[in-house]
Every structure is written in C-alpha cells, then in structure tokens.
2 protein chains.
Amino acid sequence: MSSSRPLRADARRNREALLVAAREALLADEDAHVEEIARRAGVAVGTLYRHFETREALVAEVYRQEVAELCATPARLLTRHAPDEALRTFLLLLVEHAAVGRGMGEALESIMATDSPVFDDARDEMARALDELLAAGVAAGLVRGGMSGRVVLRALGGICGLRAKGWKDDALRIVTILYDGLRYGAAKRG
Amino acid sequence: MSSSRPLRADARRNREALLVAAREALLADEDAHVEEIARRAGVAVGTLYRHFETREALVAEVYRQEVAELCATPARLLTRHAPDEALRTFLLLLVEHAAVGRGMGEALESIMATDSPVFDDARDEMARALDELLAAGVAAGLVRGGMSGRVVLRALGGICGLRAKGWKDDALRIVTILYDGLRYGAAKRG
DNA sequence: CACACAAACGGAGTCCGATTCACCTTATGG
DNA sequence: CCATAAGGTGAATCGGACTCCGTTTGTGTG
C-alpha cells in the first residue's frame, strides 16, 4: 500500500509543509478550515487532498506524531522511578499534553475512546505504553492486576475531552482517583 | 424569558412531536438530519427552528429529559443501600444509560466534559445527584472527601464517550477503578 | 358567527464547509 | 532535451444547518 515509488521531491516538500501548517493552524484553532491550512502551507486544497484522504486523516496524522513522542516516555520514566510513581507521572504528563490546545485533547480523546481506524496505530502504541507501566507496577506489587492499558486508555479519554473552565484542576483530581483506583487492592499497601 | 403567554395549541403539539421524533431519530442514528427529524414529526424545518434555536438545542432538550429521570435515582438508591453501594450502583446505571444508543452517550459526554451552556441545567442536576451520593458516603466514612460531584462527573465523561467495540466491558472496569479510587483512603477500609 | 391579527407554519433559498475533478505544470528517467 | 506520469490547481459540486418571508391558522373579541 504505502510502498509505491518514492514521492517526487516537490510532493514530499508539500506533504511536510501541510503537516507543519496543520499543526500550527490546529494549535490556534481546533477547527481550522482546510482552505486555511492549505493557504498556510502555500498550496491549494487539491494538493492537500492529494496527500490526505480527508481533513480528519490529516488531523490524525498530525496528532499521531505527537502521540508517538508521548509513547516513548514510559520506558524512560521506568528507568528513573518506581513503577507507581512512573504511572502517576505519565498520567500527569497526559494532562499536560492535553493542555497543548484543545485540538490535541480532542484528538487524544478520539484515540482513547473510539475505534476510529484512523487512530488505530496511535491507539495501539499508547495502549502498549500503558501496558508497560501497568506490568511493571503489578510485578512490583504496587498496582492491581486485571487492568489492561486499553482500559486505562479509555478511562483517560474523559480527561482529554475536558474543555470546561476549571478543567485542569479537575483533570488532576481525576488522575488522583484513577491512580488510587489502580493501586487499590495491590499486593502491597501504598 | 420563558414566561411569555402560553403556547398556541398547535405549537405545543408540534413541539412535543418534535421532541418525540428527535428521540426516535437519534436513537436510530446519532447524527440524524434536521430534515429527517422534522419529517418524522410531520412538520417543516422552519417549525423545528421556531421551537429550537439550533439542532444542538433540540438534542440537548431530548437528553435533558432523560437525565432528569436519571438524576432522581440516587435519592431512591440511598433509601435502600449503603452509600458506597448506592454510588457503585449509580455508576453502573450510567453505563446502562449510555448504552441506550450512541446518541445518549454522546450527549452525556457533552454534559459531563464541556461547559456548553446548552447543558447547564443537566450538568447542575447531575452534579447535585452525585454530590448527594458522595456526601452520604463521606458521612458514613466509606468514601474519601475532597471530591465534588462535578469532578466525578468529568471523570465519567470518558465512559460515556466510549463507542468502541468491547466498550461495555471496558466501561465496567473503569467504574471499578473509579469506585475504588473514590473509596481509597476513606475513614473505614472496605 | 365573523373578523382581526398575532402566532405559527412551510419550504425554497442562502450560507458555508469539505470534497471532487478536468485540466494545467513540472520533476525526472532515459 | 523530451516524454510522460506524478503532482498541482481552484472553480464547481455536494451536503448539511439555518433563514426568510409569504401563507395559513388558532383564538380572543364584538
């Protein structure tokens, strides 16, 4: 599928420009219009649609890249912190990330709460990252068993969907509830 | 505001028909078109817009009614169950309700996760219902303090937004996490 | 009962996005 | 340098929500 001949030079440049433009535009306004994104990238809408099936596909790709970065952190956290601390820190990190513009929060929500195939990769990656944290926690007797990364992902969807006034404060409290809920009944008492 | 002269008979009938039609249509398809809803109600779109500011306002009203019912249950539950059991049961009930068509889930999510003024009433009502449960739990030493109904509401948004394949199973696990997270550190150990 | 008229209705038309497509432009392999 | 297929363009189309105004109708009044 994705293994056709390499893109022509100008095509690769435009594709890149579109992703950059989309990231900027979405940061400024979660429902930036395709015309606006194309304009920023210095191309016409037709070009945008040559590279991305739909507007949503473009948005998905932008956030897939963000998520990829995010997913690299659990492994890093586990080298420096106890599994439960790593888990807590990662949850808090997600809240921070959701703060980078409503758009990111919305995308994370789609990743976490739906089966939209556009986000399949991102979802798998994220679930895997959480599995890593949970497994380490369970192994250390600090986290209850029976909860998959996928489930925690779903629970987090609620945080990322928040877009109310005092949302960040609420998000932190929710992390506390989830974190304590995950520790509940673990082998060792925190 | 809402205290003009009573509606003309036909107007009241149409308004009612629109709400019924919308409930049916939304149950069948969460993004039913306004034309479709109007057709089912046997009126033209103009009439729909005479009664409801926007499509969203109509949808909000439909679900506000559902929510109103739901909000009456905590009080009832508290007369029959211990506060923690009542809390757990109510959370499970929400999951069931979210199951009544994706539309309801989506609306509940809007109620829980956003500040959309359309849902102000529903949100307040729901938060009040949860406060009641939490307060009873705290008083009995079964639930941790410091968590408002509003916060729990936000946390639940994640559940209602679920629309993935194994979502119900996931929802139940999430309720477990939240429930245990809310009991964590309560005066008495469960 | 007939009339007056404000309230309510109908539905074609407007607006505003995303998406398409027929026709140009331009890398690039030979 | 050419041929040509990949790539680009943007006016046109499509699909929704929403508006507007001429027409119809319920209802209070004489």
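We use all heavy atoms of the structure for the numbers below, so side chains are in, but hydrogens, waters and symmetry mates are not. In what follows, chains are A, B, ... by sequence order, proteins preceding strands, each numbered from 1.
- Applying the salt bridge (Lys or Arg N to Asp or Glu O under 4.0 Å) test to residues at least two apart or on different chains, none of the pairs has a partner in residues 83-92 of chain A.
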Scan the side chains in residues 74-82 of chain B for donor-acceptor partners under 3.5 Å anywhere in the protein, sequence neighbours excluded, and list what turns up.
{"unit_1": "B:Thr79", "atom_1": "OG1", "unit_2": "B:Arg76", "atom_2": "O", "d": "2.6"}

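- Rounded to the nearest 0.5 angstrom, B:Glu53 CD and B:Leu48 CG are separated by 11.5 Å.
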Listed pairs under 3.5 Å, donor-acceptor, residues 125-138 of chain B side chains, sequence neighbours left out:
{"unit_1": "B:Asp131", "atom_1": "OD1", "unit_2": "B:Gly149", "atom_2": "N", "d": "2.7"}

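- For A:Glu16, the side chain to side chain contact (heavy atoms under 4.5 Å, CB included) test picks out A:Leu19, with sequence neighbours left out.
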Next item on the list: Starting at the 5' end of nucleotides 17-30 of chain C, put B wherever the base has a protein heavy atom under 4.0 Å, S where only the sugar-phosphate does, and a dash everywhere else.
Entry: SSBB-----BSS--
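- Judged as a salt bridge (charged side-chain N to carboxylate O under 4.0 Å, His left out), and not counting sequence neighbours, A:Arg12 has no contacts.
- Considering only residues two or more places apart in sequence or on other chains, B:Ala17 meets the side chain to side chain contact (heavy atoms under 4.5 Å, CB included) condition with B:Ala41.
- Nucleotides of DNA chain D lying under 4.0 Å from heavy atoms of chain B occupy a range whose first and last members, 5' to 3', are D:dG16 to D:dT27.
- In this structure A:Asp10 satisfies the salt bridge (charged side-chain N to carboxylate O under 4.0 Å, His left out) test together with A:Arg8, sequence neighbours excluded.
- Between B:His51 and the phosphate of C:dA8, there is no side-chain N or O to OP1/OP2 separation shorter than 4.0 Å.
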